[in-house]
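Per chain, numbering begins at 1; letters A, B, ... match sequence-line order.
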Number of protein chains: 2
Amino acid sequence: MTKASDRAYDMIRAMILSGELAAGDPVREEALAERCGVSRTPVRDALRRLEADLMIRKTESQRSFVSDWSLDDVGDAFELRAMLEGYAAKRAAAHMTAEVLRRLRSCNEAIGAAISGNHPDVATFLDRNREFHALVLETAGSRRLTNLLTALIEQPVVWRTAHHYSPEAFQRSYSEHDDLLSAFERRDGAWAETIMAGHIRRAFHAYSDAHQGLNEMERGAA
Amino acid sequence: MTKASDRAYDMIRAMILSGELAAGDPVREEALAERCGVSRTPVRDALRRLEADLMIRKTESQRSFVSDWSLDDVGDAFELRAMLEGYAAKRAAAHMTAEVLRRLRSCNEAIGAAISGNHPDVATFLDRNREFHALVLETAGSRRLTNLLTALIEQPVVWRTAHHYSPEAFQRSYSEHDDLLSAFERRDGAWAETIMAGHIRRAFHAYSDAHQGLNEMERGAA
DNA sequence: TATCGCTTTATTGTATACAATTTGAGAAAG
DNA sequence: CTTTCTCAAATTGTATACAATAAAGCGATA
């Protein structure tokens, strides 16, 4: 799938991430085809991929809806991520090279710079954070593991979490990456695994706290 | 996807499992469409699913081939399964009900009966074994976990393993299920997790040994 | 003879028309 | 007033034709 299918995928994904398509909204192929300027064929393709990403679910009768995520669902996803990314970190430690280490360091330096000022550059943080984790995953060297994790990361819910991070949360994320670098330098897989699992779990609690706060605000406003 | 797409999926999958389509073989949409008596559209659909199952891989230029599995790949898949099914067992222990327990026992009794004679009924063993594991997974109650594991189980390679089991291996599998039942009865999640992880790992070594044997036979015959 | 570049062929990607299915509204019966 | 049945509208599934792209063959040239 080249142009049209990718275009549809990116556009629909963006609509969901931006909230233009809200959780629970029905998703009709023809409407999206028109909206994206392509035919239904690549849209169906894109919907299938988004379903694999769990951003869309289908009813028994094959109608599509934007997925809604309960806090339990999110907790579930984070727990699985903690386990799988922990395993990835352990394997990455075993396969670590000087070149990868250099790139990981460079990534985390960019993260440090992005969050150092008064106005943290969240977009850069997210990009480099994704790059960091992708690099670890790649170094783990398991196609299958990569496949599995792809379905878990970059969920809408995860994606928006960092927008509610406190300055301390950003700092903590940065320094956990730094710890991870130490573990990789020493090729200490068990340590890397522990740090990574904790790193993901902390991200969940950051999300959970922010979510809690949002709910209270909503209740207060209502 | 109803008729045509499912038909294509089942037929192509069967072709791969039976070896009619061997590892590394190119997979052309039109040829399969003709073979399955449907058009290319549902075939493309089926190929997409098979790719998610890792039974097919696509090159950068989107041409499809039947996946080949090195021993390392298989080990990888089993290790991930051990981790994820172990986790599933832990969760299942927490959510266990009398009804599910009853069904699990019934499953394993059927397995016991299938392997008791001189000629183990491998088909029944495989069916009931799958049912047993599916039930545990369902009881774990995590859609996401189910999603992830679906990509790992029922690989061609896994599927054929039991055909090389020794009588002792069948017996061991049966009695490990029995241990699992004990853990579930006592709602001991940690125990269930340990047993399940070991169970999957043992299955890998059974595969690995059989594979080794096959390779030696091939070398001997050549 | 090896290699580069063009032409031809094979294969996949996309659009569109049509078939099958599901949903929902409204009428008829209880 | 509720329920159920029927039929129309909306939506997805499939087939087919055509467009785009990648592989392969083939010749010219160094």
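Atom pair B:E30:CD and C:dA10:C1' shows a separation of 10 Å (rounding to whole Å applied). Atom C1' of nucleotide C:dA15 and atom CD of A:E34 are separated by 14 Å, given to the nearest angstrom. Counting to the nearest Å, the P atom of C:dT14 and the OH atom of A:Y9 are 15 Å from each other. Distance, A:D45 CG to C:dT12 P: 14 Å, rounded to whole Å. Counting to the nearest Å, the C1' atom of D:dA10 and the CZ atom of A:R40 are 11 Å from each other. Atom CG of B:D6 is separated from atom C1' of D:dT12 by 14 Å (rounded to the nearest Å).
Minimum heavy-atom separation, B:S64 to B:L47: OG-CD1, 4.3 Å. Scanning both residues, A:A192 and A:L180, for their nearest heavy atoms gives O-CD1, 3.5 Å. A:R91 approaches A:A140 most closely through the heavy-atom pair NE-O, 3.0 Å.
Listed nucleotides: C:dA15, D:dA15, C:dT12. Nearest to the side chain of B:V38: D:dA15.
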Nucleotides 19-23 of chain D: which of its N/O atoms have a protein N/O under 3.5 Å away?
unit_1, atom_1, unit_2, atom_2, d
D:dA23, OP1, B:S61, OG, 2.8

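Taking 4.0 Å as the cut-off between side-chain N and carboxylate O, A:E30 and A:R40 do not count as a salt-bridged pair. Using a 4.0 Å cut-off between a side-chain N of Lys or Arg and a carboxylate O of Asp or Glu, B:D45 and B:R48 do not qualify as a salt bridge.
A heavy atom closer than 4.0 Å to some atom of DNA chain D occurs in A:V27, A:R28, A:E29, these being the qualifying members of residues 21-29 of chain A.
The side chain of B:S39 contributes an N or O atom lying less than 4.0 Å from OP1 or OP2 of D:dA15.
Between A:H163 and A:L126, the closest side-chain pair of non-hydrogen atoms falls below 4.5 Å.
Taking the six-membered ring where tryptophan is involved, the planes of B:H199 and B:H133 are essentially parallel, since the angle between them stays under 30° and well short of 60°.
With sequence neighbours excluded, the residues forming a ring-ring contact (aromatic ring centres under 6.0 Å, His included) with A:F204 are A:F78, listed by chain and number.
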Task: salt bridge (Lys or Arg N to Asp or Glu O under 4.0 Å) between B:R57 and B:E51, worked out - done: CA-CA 6 Å; B:R57 76 186 159 80; B:E51 192 191 0; over 6 Å; no
